[in-house]
Structures are given as C-alpha cells and as structure tokens.
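In what follows, a single structure is set out as structure tokens and then discussed.
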Amino acid sequence: MTGTHRAVILPQQGGPLSIEDRATPEPGPNEILIEVKAIALNPVDYSQRDSGFPPVPSYPAVLGSDTSGLIAKVGSDVSTDLKPGSRVVAFASSFYQNGSPDHGAFQKYALAQSEGVALLPDNISFEEGAVLPLAVLTSLTAWTTIGISLDTRYTPQDKQAVLIWGGASSVGMLAIQSAKSLGFTVYATASPKHHEYLKKLGAHAVFDYKSSDVVSRLVETVKSDGVRLHTAHCVVEGGLQPTLDVLRETKGDVAAKVAHAPVLPAEHPILDNTEIKFVFPSMDPVERSKHIHRCFQIWLRGGLESGSVVPSPPPQTEQGGLEGLNQALDKLRSGVSGSKIVLSI
Ligand SMILES: NC(=O)c1ccc[n+]([C@@H]2O[C@H](COP(=O)([O-])OP(=O)(O)OC[C@H]3O[C@@H](n4cnc5c(N)ncnc54)[C@H](OP(=O)(O)O)[C@@H]3O)[C@@H](O)[C@H]2O)c1
C-alpha cells in the first residue's frame, strides 16, 4: 500500500502529542495492516506521553495499543480467515515491537501481529470492540504470571475462589470474566453503582472498597460460602494491602498468589507464604506470540462469537478523533469510573 495517513506522534519525551502524516507501511509476513475505526485509551498512554515511562525506545513515537477497524492488507504468511475487509479488534502496540512507530495504535493505519487480531462480530460496534485488546491481554496474563494455565476449568466441587480488587476498572472487568471462564467463584470490589453490572459479568459477590469493614465482610462471606480463597488479582493502585488482609484470613496453610497489574513499588506490603508478581507477558518473542494467540484467537474470538465475553466497560466516546487525543488522555488521567474512553477515527 503506498501513500500516507494521519498519525498522532509523540515527538519527544514529555509531549504533547501532535498530528503528522506518516508513510503507510506494508505488512510484514506475519502482520496485518488495520484501517483504524476506533481507539481506546489506557493509563500507560498518558504515562508514556507525560513522563516517558514505561520507557519509549525512540522518538518520534506512536503510542497506544487498543484498536478496532477493518483489515486493509495481510502479510504473506497470514494463513487464517483474517481477510481484507474483515471487521476486527487488534492489539497494535509499538511497545512490544522495539518502539516501531508503524505498530502504535494512535493512527489511521496501524500494523499488528496477526495473533493479536480477532474477528469482531457484526453486532458489536467498533467503539465497543476497541475497549478489549490490552485489558484482555492483561487480565489473562495475570493468571499465567502466577502459574494458572488458561486451560484451567475448575468445577464447583473444587471450591476455588479468586479476589479481584478493582473490579470496575477496564482490566478488572475482563479479570472477572476470565476468572469465571476458568471456573473460579469470583469476589470483587467496586463502588456500589457498579455491583449489579459486575455480577452480570460473572462476579459472585461484590463489595464496596470504600467501606471501612470491606475486609471483614469479604472474609465472612468467603468463609460462609465455604470456598478456598488463596488467589487474587490486585488490579488497581492502593489495593494490595487490603487484598493481603483478606488473604491472611482465608488462605489457611496454602501458599497464596497475587497478580498485581500496576507497577509494584520497591517497598510494597507483603504476607507470609504469599507470592506477589507484577503482571507482564513473557519477553521471549516466541513465547509471547503463543500466549497472545491463546488470548486473542482462542479466548477472545471464541468468547465474542458465543457471546460469553462481553466488551466492557461500556465505551465513553469522546469527540475530536485523533485531534482530540491530548484532551481525552487528560480526561483519563483525571479518572474514569466503570467506563473506557474511546475515540472514533
Ligand atoms: N501490567 C500490565 O501489563 C498492565 C496493563 C494494563 C493496565 N495496567 C495497570 O492496571 C491498572 C488498571 O488499569 P485500567 O485501565 O483497568 O484502570 P481504569 O479502568 O482507569 O480504573 C478505574 C477504576 O478503578 C477503580 N478503583 C480505583 N481505585 C480503587 C480502589 N482503591 N479499589 C477498588 N477499585 C478502585 C474505580 O472503581 P469505581 O468506579 O468503582 O470507583 C474505577 O472504575 C493501572 O494501574 C494500569 O496502569 C497494567
């Protein structure tokens, strides 16, 4: 494909982002070129814009990871039913491609590795679909990070429970759905206005994290339900201490495991016989591709086709397209509640 397209670039550390025309790339053998219709924003995007963390390998950079759109072109080795014109969601991240700006989401045409591209059913809008990629990858990677295979299928007799601290976040909603699909009984925390929605996504019980007795009420419920709770995903900053306070009372003699989505501070709370690990996919490209294939081609694609995976949170569509991105990132930085900021492109 020859020509140019509109892109949002980060010219240097500290931003702001600006608009530029970039040459539209050809997909490599295992790549797919996406004509982007919608993008979703994540905390990592304003962090990279504002402070260059996680490190941006080179400038000018194209940030972002969440896209939906139409397949414009496929590489020579892409032998799936992903064809030009297909509606898709795509994990398009320059972060995992040595900073290559052709692979960032925030532009009209973006390259993605084929394993991170999943068909989007016609009944799901591009804006709804765009909320999925990074949250799907993070929520599923949390399980493998703490040694839980994505093939796990607990039955009610196993009585395996999990705590998701921060259930109303983007990652939290996919954490609830993925935990349910592995067979866990799911306990979550969120503001009361989100409780019913999170139960529809698969949470068994949801607790208000702002209430002073949240830990004791969680522990009481887990004990009266007679389940085994020694696994948790702490999705939001500030959630680790209460997560450990719950596990202290519920884990018994079993070694507990906590996946932690935010970067773990050097000094963080700990608990005896408890492993706490930062959620991160393998840095080995072959391992990572296999994992992304499992997440997108099996879990997400199958779930969207059957309706068992619900795109969540609902998109909060902001105006302005690519031109509105700086403002939309500022809005995300000031906080969202049970929604995901999306821009139509
Ligand atoms: N490790 C990775 O690869 C990776 C990838 C993606 C994201 N992350 C990190 O994961 C975290 C979540 O990202 P996100 O995009 O999912 O966040 P988000 O959607 O912006 O999170 C907002 C939600 O967090 C909830 N929340 C805030 N403080 C809370 C607390 N103390 N207890 C319980 N809930 C709380 C709020 O719930 P209410 O509305 O109910 O108040 C709100 O709905 C961020 O730190 C992000 O950087 C890591």
Side-chain angles (χ1 to χ4, degrees), residues 40-51 53-54 63-66 91 93 95-96 105 116 130-146 163-178 187-199 201 203 206-212 214-215 218 232-246 258-265 268-269 276-283 288 291-292 295 311-316 328-342:
L41 316 188
N42 292 286
V44 65
D45 303 327
Y46 63 73
S47 177
Q48 286 193 305
R49 179 194 64 173
D50 299 344
S51 63
F53 183 81
L63 305 180
S65 34
D66 285 347
F91 179 61
S93 166
F95 185 75
Y96 289 108
V131 309
L132 289 164
L134 185 62
V136 165
L137 181 61
T138 308
S139 64
L140 293 172
T141 303
W143 308 131
T144 55
T145 298
I146 54 174
L163 173 61
I164 312 290
W165 199 283
S169 64
S170 285
V171 174
M173 290 191 191
L174 271 303
I176 290 171
Q177 297 191 61
S178 59
Y187 297 81
T189 60
S191 298
K193 65 181 174 184
H194 301 308
H195 289 190
E196 283 316 305
Y197 185 71
L198 298 189
K199 284 180 188 165
L201 294 182
V206 191
F207 298 82
D208 180 6
Y209 65 91
K210 290 180 185 149
S211 122
S212 57
V214 57
V215 168
L218 245 158
H233 182 175
C234 174
V235 185
V236 292
E237 282 174 24
L240 183 55
Q241 184 64 62
T243 297
L244 297 181
D245 291 343
V246 172
V258 180
H260 196 270
V263 173
L264 265 172
H268 62 78
I276 303 165
K277 288 185 90 175
F278 173 56
V279 175
F280 206 70
S282 169
M283 287 313 282
R288 190 169 65 228
H291 176 62
I292 293 179
C295 295
S312 57
Q316 172 182 330
L329 283 174
D330 293 345
K331 200 165 202 170
L332 175 63
R333 193 180 49 195
S334 62
V336 291
S337 177
S339 65
K340 183 131 183 147
I341 295 184
V342 168

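Every number for a ligand or one of its atoms is a count from 1 in the order of the listing. Quick caveat, the model's predicted, so the values are computed rather than measured. The analysis underlying the following values was restricted to heavy atoms, covering all of them including side chains, and did not include hydrogens, waters or symmetry mates.
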Give me the nearest non-hydrogen protein atom to atom 25 (C) of ligand 1 as residue plus atom name, then the distance to 0.1 Å. Val236 CG1, 4.1 Å
Are any of the N or O atoms of Ser339 closer than 3.5 Å to those of ligand 1? no
Closest approach of Gly338 to Pro313 (non-hydrogen atoms, all atoms of both residues): O-CB, 3.5 Å
Looking only at heavy atoms, which two atoms of Asn42 and Leu134 are closest? And how far apart? CG-CD2, 3.6 Å
Distance under 4.0 Å to a non-hydrogen atom of Ala190: what atoms of ligand 1 satisfy this? 40 (O)
What is the distance from atom CD1 of Ile164 to atom CE of Met173, rounded to the nearest 0.5 Å? 12.5 Å
Heavy atom of the protein closest to atom 18 (P) of ligand 1 (residue, atom name, distance): Ser169 CB, 3.8 Å
Could an N or O of ligand 1 be found under 3.5 Å from any N or O of Ser191, whether backbone or side chain? yes
With a 4.0 Å cut-off on heavy atoms, is Val44 touching ligand 1? no
Taking atom 44 (C) of ligand 1 as the point of reference, which of Ala135, Gly239, Gly166, Pro43 owns the nearest heavy atom? Pro43
Would you mind reporting whether Leu244 and Ile276 have side-chain heavy atoms less than 4.5 Å apart? yes
Apply side-chain contact (heavy atoms from CB on, under 4.5 Å) to the pair Tyr197 and Val206, showing each step before the final yes or no. CA-CA 10 Å; Tyr197 185 71; Val206 191; over 6 Å; no
Note: ligand 1 atoms sitting under 4.0 Å from heavy atoms of Pro262 are 45 (O)
Non-hydrogen atoms of Ile146 and Ala259 that approach each other most closely: CG2-N, 3.8 Å
Under a 4.0 angstrom heavy-atom cut-off, which atoms of ligand 1 come close to Phe278? 1 (N)
Return the minimal non-hydrogen interatomic distance between Gly239 and Trp165, and the atom names on each side. CA-CD1, 3.6 Å
To the nearest 0.5 Å, tell me how far Leu163 CG sits from Thr189 OG1. 6.5 Å
In chain order, what residues pass the ring pair (Phe, Tyr, Trp, His ring centres under 6.0 Å) check against Phe278, with sequence neighbours excluded? Phe280
Evaluate Ser170 for polar contact with ligand 1, using N/O atom pairs at a separation under 3.5 Å. yes
Any N/O pair Gly338/ligand 1 closer than 3.5 Å: yes
Take Asp330 and Arg49, measure what side-chain contact (heavy atoms from CB on, under 4.5 Å) needs, and give me the verdict at the end. CA-CA 10 Å; Asp330 293 345; Arg49 179 194 64 173; 2.6 Å; yes
Mark up the atoms of ligand 1 that fall under 4.0 Å of a heavy atom belonging to Trp165, in ascending order. 32 (N), 33 (C)
Under 3.5 Å, N or O to N or O, is His194 touching ligand 1 that way? yes
Give a yes-or-no answer on whether the side chains of Ser139 and His233 include a donor-acceptor pair shorter than 3.5 Å. no
Find all atoms of ligand 1 within a distance of less than 4.0 Å from any non-hydrogen atom belonging to Val336, and give their numbers and elements. 20 (O), 22 (C), 42 (C), 43 (O)
Among all protein heavy atoms, pick out the one at the shortest distance from atom 6 (C) of ligand 1; state its residue, atom name and that distance to 0.1 Å. Thr138 OG1, 3.5 Å
In terms of atom number and element, which parts of ligand 1 are under 4.0 angstrom from non-hydrogen atoms of Val171? 7 (C), 16 (O)
Using a strict cut-off of 4.0 Å, indicate which atoms of ligand 1 neighbour a heavy atom of Ala168. 37 (O), 40 (O), 43 (O)
Quick note, salt bridge (charged side-chain N to carboxylate O under 4.0 Å, His left out) partners involving residues 131-143, not counting sequence neighbours, are none
Show your working on side-chain contact (heavy atoms from CB on, under 4.5 Å) between Tyr187 and Val246 and close with a plain yes or no. CA-CA 11 Å; Tyr187 297 81; Val246 172; over 6 Å; no
Below 3.5 angstrom, do we get any N/O pair linking Ala261 and ligand 1? yes
Numbered atoms and elements of ligand 1 in range of Ser337, under 4.0 angstrom, heavy atoms: 38 (P), 39 (O), 43 (O)
Is there a polar contact, in the sense of an N or O pair closer than 3.5 Å, between Tyr209 and ligand 1? yes
Among protein heavy atoms, which sits nearest to atom 12 (C) of ligand 1, and what does the distance come to when rounded to 0.1 Å? Val235 O, 3.4 Å
Val279 N/O to ligand 1 N/O under 3.5 Å: yes
